[in-house]
Amino acid sequence: MGCSHLVGWGVCYCRGMRVISLSQWLGDSFGFLEGQNNVLVALVICFMVACLTEVASNTASTTLLMPILAPMSKTLKVNPLFLMVSGTISASLAFCLPSATGPNALVFTFKEIRVIDMLRTGVIMNILSVLIVVLGVSTWTLSILGIQNNIFFDDWE
């Protein structure tokens with residue numbers, strides 16, 4: 001029942017953000033990254049999403065962030081696929097807390113693993129995973145999806 005509450009909360013939260021146009025405002029608030037290197041932008045997005053998925057379910061985080069990343073791509077003048085692929089993959093990086101995913105909660109029920117043990121290992125795994133995702137998105141994803149930095153931005157407007 002606890003995991004279903006996490007997913008349901010995230011979906012309701014996402015709907016509320018869309019209704020009050022908070023997603024547009026949040027997307028526009030990342031304007032300070034405009035003109036920055038795409039690797040730095042991907043690093044910020046991946047780290048932000050990885051932190052969010054520690055306290056919300058992966059599905060809810062992705063549902064919440066896609067409407068934010070789309071207007072953010074217009075603000076940053078970056079292809080939306082670049083940000084959305086970064087965010088979607090990073091939503092799977094929930095290693096620190098029992099509430100992050102169902103498997104984490106299941107492992108925590110064995111009482112031999114403490115939250116501090118999960119946190120200690122999870123932080124290292126999150127940092128390494130974010131770096132791997134940024135490397136992958138900045139190299140393979142760009143070539144697989146045919147994204148060439150900011151060239152395709154005009155096609156998305």
Side-chain angles (χ1 to χ4, degrees), residues 3-105 119 122-157:
C3 290
S4 63
H5 280 106
L6 287 173
V7 173
W9 172 85
V11 173
C12 292
Y13 188 70
C14 174
R15 176 73 177 136
M17 284 189 58
R18 276 192 242 149
V19 167
I20 63 173
S21 300
L22 187 58
S23 59
Q24 179 68 40
W25 178 80
L26 283 172
D28 291 343
S29 68
F30 280 85
F32 66 93
L33 289 173
E34 185 176 358
Q36 297 296 326
N37 187 337
N38 285 347
V39 174
L40 177 65
V41 173
L43 187 65
V44 169
I45 297 302
C46 291
F47 183 72
M48 179 184 73
V49 175
C51 289
L52 177 64
T53 59
E54 293 301 333
V55 294
S57 74
N58 302 352
T59 306
S61 299
T62 306
T63 304
L64 174 73
L65 287 172
M66 291 307 115
I68 295 171
L69 293 176
M72 187 185 300
S73 68
K74 284 187 156 235
T75 301
L76 301 178
K77 295 180 175 48
V78 174
N79 191 303
L81 287 176
F82 182 72
L83 295 182
M84 290 180 166
V85 168
S86 300
T88 302
I89 294 171
S90 297
S92 298
L93 308 178
F95 305 115
C96 292
L97 298 174
S99 62
T101 65
N104 287 9
L119 193 61
V123 166
I124 295 167
M125 289 178 62
N126 271 353
I127 291 170
L128 291 175
S129 298
V130 163
L131 294 175
I132 290 168
V133 168
V134 169
L135 176 68
V137 168
S138 299
T139 56
W140 303 319
T141 306
L142 294 177
S143 62
I144 290 170
L145 296 176
I147 302 171
Q148 299 175 1
N149 292 335
N150 296 339
I151 294 173
F152 284 99
F153 177 71
D154 293 332
D155 294 340
W156 286 83
E157 288 190 297

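If you read the sequence from its start, that first residue is 1, and numbering goes on from there. Values reported hereafter were calculated over all heavy atoms of this structure, with side chains retained and with hydrogens, waters and symmetry mates removed.
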Asks: If you look only at distance, which donor and acceptor atoms sit under 3.5 Å apart when one is on a side chain in residues 125-134 and the other is two or more places apart or in another chain?
Replies:
residue, atom, partner, partner atom, Å
N126, ND2, E54, OE2, 2.8
S129, OG, M125, O, 2.7

Asks: May I have the step-by-step check of side-chain contact (heavy atoms from CB on, under 4.5 Å) for F95 and L93, ending in yes or no?
Replies: CA-CA 6 Å; F95 305 115; L93 308 178; 4.1 Å; yes
Asks: Working to the nearest 0.5 Å, report the span between CG of N38 and OG of S138.
Replies: 7.5 Å
Asks: With sequence neighbours left out, write down each residue that passes side-chain contact (heavy atoms from CB on, under 4.5 Å) with T62, or none if nothing qualifies.
Replies: M66, T88, A91
Asks: Would you check if the side chain of T53 reaches a backbone N or O of A50 as a donor-acceptor pair within less than 3.5 Å?
Replies: yes
Asks: Search all heavy atoms of A42 against all heavy atoms of S86 and return the closest pair with its distance.
Replies: CB-OG, 4.1 Å
Asks: Hey, could you give me the CG/OG distance between L43 and S90, rounded to the nearest 0.5 Å?
Replies: 9.5 Å
Asks: Which pair of non-hydrogen atoms, one from V49 and one from G87, has the smallest distance, and what is that distance?
Replies: CG1-O, 3.4 Å
Asks: Using the side-chain contact (heavy atoms from CB on, under 4.5 Å) rule, take V78 and M72 through it: C-alpha gap first, then chi angles, then the decisive distance, then the call.
Replies: CA-CA 8 Å; V78 174; M72 187 185 300; over 6 Å; no
Asks: With rounding to the nearest 0.5 angstrom, report the CG to CG distance, L69 to L76.
Replies: 9.5 Å
Asks: What pair of heavy atoms forms the shortest contact from N58 to A94, and how long is it?
Replies: OD1-CB, 3.9 Å
Asks: Which atom names give the shortest non-hydrogen contact between N79 and L81, and what distance separates them?
Replies: OD1-N, 2.9 Å
Asks: Once rounded to the nearest 0.5 Å, what's the spacing between atom CD1 of I45 and atom CD1 of I89?
Replies: 13.5 Å
